[in-house]
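Data block below; observations after.
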Amino acid sequence: MIDRKRLQERIEEELKRFEETHPRSKALFERAKANFIDGVPMNWMVKWAGSFPIFVESGEGAHFTDVDGHRYIDFCLGDTGSMTGHAPKGAVPAIKDRIDRGVTFMLPTEDAIWVGEELNRRFGLPYWQVAISATDANRFALRLARHITKRQYVLVFNYCYHGTVDEAFATAQEGHTICREGNIGPQVDPAQTTKVVEFNDIEALEKALAPGDVAAVLAEPVMTNIGIIHPEPGFLDALRELTRQTGTLLIYDETHTMSAGPGGYTGAYGLTPDMLTVGKAIGGGIPTAVYGFSEAVAERIRGTIDVEGADVGGIGGTLAGNALSMAAMRATLENVLTQEAYERNIALAERFSEGVESVIQERGLPWIVKRLGCRTEYWFRESPPKNGGEAAAAVDYELDRYMHLYALNHGILMTPFHNMALISSQTTVEDIDYHTKVFRDSVDALLGTRV
Ligand SMILES: Cc1ncc(COP(=O)(O)O)c(C=O)c1O
């Protein structure tokens, strides 16, 4: 259905337009190359659809402005880090106040008490620890899982993403664990640390857990990083049952599935993991993350970490749990990521999905839309993928690039790496409807329906 030659021409056209309209970003990018590899402070920033990243001036709510003076609707929202909207009004005063009174002490502040109680209420786990990033929360959870089970392996689902966690950069190939393509400098061959099975494959999961050598399953309850893939009916029940039967700990990573509701997918569907991790949005954009444990897990940890070795065990970190992170989490949970906010944002995400679906239907495209709470995404395939392997096979890098570029040139930022949009409390109905219009125009320009 897509004429690849025409697609290439459209990309060239949009790239030209992008370069012409972003001269300041281009100049800054050229200067940055002198001191940053590839001209960016973090290597993923090269993966935007333009020939260079746009440099940001400022952001407020669901919008931001770049150094060339263009204003964008931000559906990327820091790939979830700013799901609260930029500079969220409900959290900024408390964050500023904390900065004025000191940021980091390596001592607890009273905000920790409120945060612990609130996390318990939302996720149903009584005990918590704090990290600086979701990656760290996952790493620490895995360390603790191996520590208390004395088992070697971690099980993850094919094409998962859990941050820069070594064990998770593995994929399955004909039943074997191999390095995920692009894995830079792996510490060890992941086959030594990791078992990988496809999401929604109960039989494969049962087989992998049967020997009793897996410390933990680390999973998103709904996969989000190779596109949104929902669990089939009964899959999460089987996962819980099989992990219990085999003495394997079940860790849910709610960093992205936090879009499902105030307590993530766990809270929304009454799941009962042994451990849970969540980062990104939870601090309203301030780096912080948490990992929680059930009573039974806490019981097994207690007494196994001696005071003398507390700072060299490989969990924690100097800045983790700092006063600023705690104040930011408290304010974000108390005033921003509230039940009312979710209700509003989820309704808008439905409107976004319906808008895109209407264009897909009008134009007879073999595409679909998937949604998880206030996170929504369109796919270039006819039916929802069942697992990561199927999803990875449907990735169309060129088509993604075109759609992103077109949107960018029309004042819309989508999440890089896939066609995902997040809705914040400041996203408006007008923003959503404008996206539908731009999406329709981009499709028409591509199909030649209208140029
Ligand atoms: C599900 C999930 N867990 C963890 C992470 C890691 O987050 P961070 O890069 O902030 O450490 C990500 C990042 O995209 C993620 O999608």
Side-chain angles (χ1 to χ4, degrees), residues 40-45 47-48 75-84 123 129-143 145 154-170 180 182-184 194 196 199 216-231 236 250-260 263-266 271 273 275-292 315-317 319-321 325 328-329 332 370 372-377 388 391-392 414-422:
V40 286
M42 197 273 283
N43 60 313
W44 301 5
M45 292 181 186
K47 213 175 165 181
W48 290 101
F75 286 116
C76 167
L77 294 170
D79 189 11
T80 313
S82 293
M83 197 174 82
T84 51
F123 296 105
Q129 288 284 278
V130 179
I132 282 291
S133 66
T135 296
D136 271 356
N138 283 327
R139 283 188 186 138
F140 303 156
L142 291 181
R143 267 188 182 266
V154 168
L155 186 143
V156 295
F157 292 109
N158 207 18
Y159 287 99
C160 67
Y161 185 76
H162 296 285
T164 51
V165 174
D166 283 283
E167 291 93 332
F169 285 111
R180 182 156 181 178
N183 185 350
I184 297 169
T194 311
V196 185
F199 198 61
V217 173
L218 174 61
E220 291 185 281
V222 179
M223 291 187 82
T224 67
N225 279 293
I226 187 79
I228 296 169
I229 307 175
H230 284 91
L236 294 184
L250 176 57
I251 309 171
Y252 278 137
D253 178 349
E254 289 274 11
T255 300
H256 276 187
T257 44
M258 192 65 192
S259 63
Y265 205 76
T266 292
L271 307 181
M275 298 165 90
L276 184 146
T277 61
V278 54
K280 295 200 187 184
I282 195 165
I286 298 291
T288 191
V290 292
Y291 51 117
I315 58 167
L319 296 180
S325 298
M329 274 195 284
T332 302
K370 297 286 286 175
L372 176 64
C374 62
R375 175 185 302 274
T376 171
E377 172 166 51
M414 297 290 285
T415 308
F417 329 129
H418 34 118
N419 297 304
M420 198 178 74
L422 274 165

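Both counts, for ligands and for their atoms, begin at 1 and track the order of listing.
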Problem set entry | Short N-O contact, Asp166 and Arg139, less than 4.0 angstrom |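 Arg139 and Asp166: not salt-bridged.
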Problem set entry | Per-residue contact class, Asp136 against ligand 1 - non-hydrogen pairs under 4.0 Å |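 No part of Asp136 is near ligand 1 at this cut-off.
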Exercise. Side chain, backbone, both or neither: which part of Thr80 has a heavy atom under 4.0 Å from ligand 1?
Worked result: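 Answer for Thr80: neither.
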Using distance alone, determine whether [X] and ligand 1 share an N or O pair under 3.5 Å.
| X | result |
| --- | --- |
| His256 | yes |
| Asn225 | yes |
| Thr224 | no |

Exercise. Taking the minimum heavy-atom distance to atom 7 (O) of ligand 1, which of Cys160, Ala131, Ala134 ranks first?
Worked result: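 It is Ala134 whose heavy atom sits nearest to atom 7 (O) of ligand 1.
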For [atom], closest protein heavy-atom neighbour:
| atom | answer |
| --- | --- |
| atom 9 (O) of ligand 1 | Thr135 OG1, 3.8 Å |
| atom 2 (C) of ligand 1 | Asp253 OD2, 3.4 Å |
| atom 14 (O) of ligand 1 | Lys280 NZ, 2.6 Å |
| atom 5 (C) of ligand 1 | Gly163 N, 3.5 Å |

Is there side-chain contact between [X] and [Y], with at least one heavy-atom pair below 4.5 Å?
| X | Y | result |
| --- | --- | --- |
| Phe169 | Cys160 | no |
| Tyr265 | Leu372 | yes |
| Leu271 | Leu236 | yes |

Of all the atoms in ligand 1, which lie at a distance below 4.0 Å from a heavy atom belonging to [X]?
| X | value |
| --- | --- |
| Ser133 | 11 (O) |
| Asn138 | 3 (N), 4 (C) |
| Glu220 | 1 (C) |

Exercise. Rounded to the nearest 0.5 Å, what separation is found between the CG atom of Leu77 and the SG atom of Cys374?
Worked result: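 It comes to 9.0 Å.
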For this session: Determine whether the side chains of Thr266 and Glu254 contain a donor N or O and an acceptor N or O closer than 3.5 Å.
Result: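 The answer is yes; a qualifying pair exists.
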Problem set entry | Check: Arg375/Thr415 side-chain N/O donor and acceptor closer than 3.5 Å |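 No, because no side-chain N or O of Arg375 sits under 3.5 Å from a partner of the opposite role on Thr415.
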For this session: Can you spot which of Val217, Leu218, Thr194 makes a side chain to side chain contact (heavy atoms under 4.5 Å, CB included) with Leu155?
Result: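 With Leu155 as partner, Val217, Leu218, Thr194 yield a single side chain to side chain contact (heavy atoms under 4.5 Å, CB included), made by Val217.
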